[in-house]
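Below is one structure, written out as structure tokens, with a few remarks after it.
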Amino acid sequence: MTAPAQRTVPPLDILDGLPRLGWAAEPTPIQAMPELAAELGIGWLGCKRDDLTQPGSGGTKTRKLDFLLASPPWRDAPKWISVGAIGSGHLVACTAAATRLGRQLEAHLFWEPMSAGVLDNLAYTASGPTTLIYHSSRIALALRRPGVLTALHMAGVPVIPPGGTTPVAMLGLVRAGLELAGQVHRGELPEPQRIYVSLGSGGTAVGLAVGLALGGLRTVVHAVAAVERALATRTRLRRQMHGLLEYLREIGLPELADVEPNAVVINYSQVGPGYGRASGSSLDAVGVLKRQGIGLEPIYTGKAMAALLVDAEIARRENRPMDAWLFWNTVRRPEPMQVVDGWRTRLPPALIARLQQVEGVSGSVRAAQRSRRWFLLGTMATVAGVTALVRMSGYPTLPHWRGKEFTASEAHILAAAASALLAGAPLPDDRTAIAEPLDRYVAALPPKLRTEIHALIWLVEQASTPLGAQLHRMSELPLATRTAYLSGMVQRRDVAGDAARGLRDLVVLGYYALPMAWSSIGFSGPLVPDTPRPRRAIYALLVAPAGRLPAGMRTE
Ligand SMILES: *Cc1c(COP(=O)(O)O)cnc(C)c1O
């Protein structure tokens, strides 16, 4: 075929001869985000609004079903089987499709923790023409009904695989890549250097990489894993890529299969506490796009956006060019969908019990925590708070501080504590350097823990008066007095001691994240130098030269 880069008009029509339902017919809008771009130092930043795909409630999954459900065996079957977590967006898309096309859906559900949107999605799936079968975990499901995950049929009923990813379904994303190329061609956006998109089963990233190449764009796909590394390996993506290209040959489009797909960079840095669990940085990223009028959720899209924010920060520091980046929003619209009254009664009894347990337990856990730790910490904070109110101001502003989690005042307190607690060790001239890795570390912790960490920082800072009999807060004490106060606090056998030891451990953690600290303990940096000699792929992910991120986390 002619080299795609030489085409003048991207060939959106090359897939037109193939059967599809005609969903996702119109290009979804590109929304430019100039203020956010300026804030991040990116020349142009935009969002591909796949939350606005039609018909129904939107989402990138619509693009997969567009082709999948128009081809046999799904096209002709009165019923489909599929699988997903209880809050699965894929099951929502399948339910919407079954409703629209007058089919039945047997939905196999496995548990996932509660987060924003999980109950809404479950309510919608339960309200449709669906039969729900509940498995206590993904593993229980794999053991009891392996066919749901691996087969194309079960007892004659066609299975839509997890995430809807099959070769024919990925054609929807090939088309999406061509659609974007058309938008670039029409001047709706500059050619993006990077697309950030969430990575689950991989169909979205793989299909896009092929579609972008066919459209003549050189955009690199940054696929941000929402699932654990073992479920999102490069081998798996390669296998899916192979399946897609084979399929193009099978259906008589070998010239498309000869394309060199665009690069896909897998970014594992945002999985956080695991699949189905929100992280602090994901929730923050949801907030950032909310201010742009775009609704994300914290399980897939929040994590993808969080990776974009981190990478922009890294690129800014390393002075790398950031001409045009695009965030690909894969999630459905956030508006509530139609559900039937009493949808809960349609759930399998074991799932009802599990939900009740969680809804009851989270209340009692909170109560238990309040009763002891929080009571004590609360008392201490009140004592300290009397003086704190008049002493919360007057901190240096630290204009260079760029923390996500800690304020400049907190960075200043951490730096002051470091000077005292690490006395004798070689310290960086700018002590707030110790707060920087901590900032990234703490931002990824669960919200409760983060709240406690902020509390302990302020407790140690302010308790110098009630507990240390000092007139000044900790960070204002002369170094020798500060050192004496902190070593006294660390010895205490009460909550104040807990807080001081917590602060000490934090500071030490931040310190040993700095390469300059390594020589003081005889550590010469990562053990394996970054040599070009071949290594096992998994091992290679863990290796990096001193001061750089391992390959699995790197963005280039
Ligand atoms: C399914 C899904 C993805 C992941 O797409 P894959 O093709 O499975 O990698 C991303 N975001 C949202 C909101 C999804 O529902």
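In listed order, ligands and their atoms are each counted from 1.
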Test item: [X] side-chain N/O and [Y] main-chain N/O as donor-acceptor pair under 3.5 Å:
{"X": "Trp74", "Y": "Val159", "value": "yes"}
{"X": "Ser115", "Y": "Arg277", "value": "no"}
{"X": "Glu260", "Y": "Ala213", "value": "no"}

- Kindly confirm or rule out a cation-pi arrangement of Lys61 over Tyr300, judged by NZ or CZ under 6.0 Å from the six-membered ring centre and within 45° of its axis? yes
- Does Arg63 make a cation-pi contact with Trp23, if we ask for NZ or CZ under 6.0 Å from the ring centre and within 45° of the axis? no
- Message: Does Glu26, at its CD atom, have more than 12 non-hydrogen atoms belonging to other residues, nucleotides or ligands within less than 6.0 Å?
- Response: no
- Item | Nearest neighbour of atom 3 (C) of ligand 1 from the list Met170, Lys61, Arg63, on a heavy-atom basis | Lys61
Non-hydrogen atom of [X] closer than 4.0 Å to ligand 1:
{"X": "Ala205", "result": "no"}
{"X": "Arg332", "result": "no"}
{"X": "His90", "result": "no"}

- Query: With only distance considered, is Gly202 within less than 3.5 Å of ligand 1 through an N or O on each side?
  - Reply: yes
Atoms in ligand 1 flagged as close to [X], the criterion being non-hydrogen separation under 4.0 Å:
{"X": "Lys64", "value": "6 (P), 7 (O), 8 (O)"}
{"X": "Leu199", "value": "9 (O)"}
{"X": "Thr330", "value": "10 (C), 11 (N), 12 (C), 13 (C)"}
{"X": "Val331", "value": "13 (C)"}

- Should Leu21 and Leu101 be marked as a side-chain contact (heavy atoms from CB on, under 4.5 Å) after you check the CA-CA gap, both sets of side-chain angles, and the distance that decides it? CA-CA 10 Å; Leu21 297 172; Leu101 300 175; 4.2 Å; yes
- State whether Arg194 and Asp323 are salt-bridged, where the test is any N-O pair (Lys NZ or Arg NE/NH1/NH2 against Asp/Glu carboxylate O) under 4.0 Å. no
Identify the closest protein heavy atom to [atom]: which residue and atom is it, and at what distance?
{"atom": "atom 8 (O) of ligand 1", "value": "Ser201 OG, 2.5 Å"}
{"atom": "atom 4 (C) of ligand 1", "value": "Gly200 N, 3.6 Å"}
{"atom": "atom 5 (O) of ligand 1", "value": "Thr204 OG1, 3.2 Å"}

